[in-house]
Amino acid sequence: WLGAVRPAFTLSTGNSSSSSSSPMFMPGARHPLLMQAALPPLPRPPSVDDAAFESDFIPPPLWASVAGGSSSSGSDEDAASDPHGSDGAQGSRPMPKPLDLRVPGDVRVVAITGPNTGGKTVALKTAGLVALMAKAGLFVPVDTDELAAAEAAGAGISSSNSSSGQPYLLWFDQVLADIGDAQSLQQNLSTFSGHIARLKLLLAGAGPGCLVLLDEVGSGTDPQVAADKAHCITIYVGVCGGVT
């Protein structure tokens, strides 16, 4: 349904200066949640209770009004034509643009820059999600055309990874992320203090074999202070042996 590909895990020597294998080679990666609106609905498995439920079920008036219907009969017709409960938009949107998630073998810290709403957070979330999906034994959503083009160009191919037609990445022991605003009135945390609290926990667990994802690490404070903080954190994680 997702058109996903089985990933491969590559080996690392544990020394960032001598590792020749890319820690992440995912050309054409896509976030699966963003793909949902462009894919057809999943077929629902048949059940002996479906017929009885659909014949006895009467949708509340609110559901009919939200769906744009004025009577329960119209909602029944919608339910019969779309048994998945979707709003009709699924499969009507274009597929999201694939991301080129490739990290050179001798790089352990990557900074993603760009304008607002440019997709930086989506790239971070996609990297973390494909790493967790691979660890769970799931296929990862990768555009096979982008993958084939990258392999044809020889990008990311190393002696420690001989798999062809497969994206590959390191086995990350942990995926640590600080994404989003951590402010909380209940916990008396501002935007800045919320980030500091989460970064403290994140850095305490960072080490070799970790993937660390930091979104707007310098937000909520003076730009100069933010730049110094981001510089120190990325150096620390890089020295620890993780990938940031």
Side-chain angles (χ1 to χ4, degrees), residues 2-4 7 22-39 89-90 93-104 107-136 138 140-143 146-147 150 167 169-170 172 174-185 187 189-203 205-206 210-238 242-244:
L2 286 174
S22 169
M24 180 171 289
F25 180 73
M26 292 277 172
R30 287 190 172 104
H31 196 297
L33 292 182
L34 298 180
M35 297 173 63
Q36 183 178 7
L39 295 171
Q90 191 168 356
R93 298 182 181 179
M95 190 69 73
K97 293 183 178 180
L99 301 172
D100 191 1
L101 301 180
R102 286 183 283 178
V103 180
V107 172
R108 286 298 177 267
V109 177
V110 178
I112 303 177
T113 62
N116 292 333
T117 68
K120 300 183 295 296
T121 301
V122 172
L124 289 175
K125 291 183 176 181
T126 303
L129 190 56
V130 296
L132 293 174
M133 291 175 69
K135 289 187 63 175
L138 300 175
V140 295
V142 170
D143 187 292
E146 296 281 341
L147 178 61
L169 71 165
L170 291 178
F172 295 106
Q174 295 186 87
V175 178
L176 308 174
D178 178 21
I179 298 176
D181 196 341
Q183 64 174 317
S184 172
L185 294 178
Q187 300 181 21
L189 293 175
S190 66
T191 299
F192 178 74
S193 59
H195 273 298
I196 293 298
R198 289 205 298 195
L199 285 171
K200 182 180 179 181
L201 295 174
L202 185 147
L203 294 177
C210 289
L211 175 62
V212 181
L213 304 172
L214 303 175
D215 186 27
E216 297 184 353
V217 63
S219 64
T221 187
D222 178 81
Q224 184 60 51
V225 175
D228 295 339
K229 182 183 74 169
H231 184 249
C232 293
I233 290 174
T234 52
I235 288 180
Y236 176 83
V237 176
V243 178
T244 307

Taking C-beta and beyond as the side chain, do L202 and L214 meet within less than 4.5 Å on heavy atoms?
yes
Pairwise salt bridge (charged side-chain N to carboxylate O under 4.0 Å, His left out) hits with a residue in residues 22-34, at least two apart
R30-D143
Heavy-atom pair of closest approach, residues A29 and T126:
CB-CG2, 4.1 Å
Is there side-chain contact between M95 and L39, with heavy atoms separated by less than 4.5 Å?
yes
Approximate separation, where rounding is to 0.5 Å, of C232 SG and L203 CG
11.0 Å
Polar side-chain atom of E146 near backbone of P98 as donor-acceptor pair, under 3.5 Å
no
Just how far is it from atom CG of L124 to atom CD1 of I112, taken to the nearest 0.5 Å?
4.5 Å
Give me the atom names and distance for the closest heavy-atom approach of A134 to V140.
N-CG1, 4.3 Å
Ignoring hydrogens, what is the shortest heavy-atom contact between A150 and R102? Give both atom names and the distance.
CB-NH1, 3.6 Å
Shortest non-hydrogen contact between C210 and F172, atoms and distance
C-CD2, 3.8 Å
Going by heavy atoms in the side chains, are M133 and P7 under 4.5 Å from each other?
no
Indicate yes or no: at least one non-hydrogen side-chain atom of L211 is less than 4.5 angstrom from one of L170.
no
Quick one: CD1 on I179 to CZ on R198, what's the gap to the nearest 0.5 Å?
8.5 Å
Can you find a pair of side-chain heavy atoms, one from V237 and one from V109, that are under 4.5 Å apart?
no
Is the count of non-hydrogen atoms from other residues, nucleotides or ligands lying under 6.0 Å from K125 atom NZ greater than 12?
no
Atom pair CG/NZ of L99 and K97 - distance to nearest 0.5 Å:
11.0 Å
Enter the distance from D178:CG to D215:CG here, rounded to the nearest 0.5 Å.
8.0 Å
Look up atom CD1 in I196 and atom CG in L201, then write down how far apart they are to the nearest 0.5 Å.
11.5 Å
Over all atoms of both residues, closest heavy-atom pair of P141 and A4
N-CB, 3.9 Å
Scan for side-chain hydrogen bond (donor to acceptor under 3.5 Å, both in side chains) pairs involving residues 223-232, sequence neighbours excluded, and state none if there are none.
Q224-D228
For residues L169 and M26, determine if any side-chain heavy atom of one lies less than 4.5 Å from a side-chain heavy atom of the other.
yes
How close do V175 and G128 get, heavy atom to heavy atom, and via which atoms?
CG1-CA, 4.1 Å
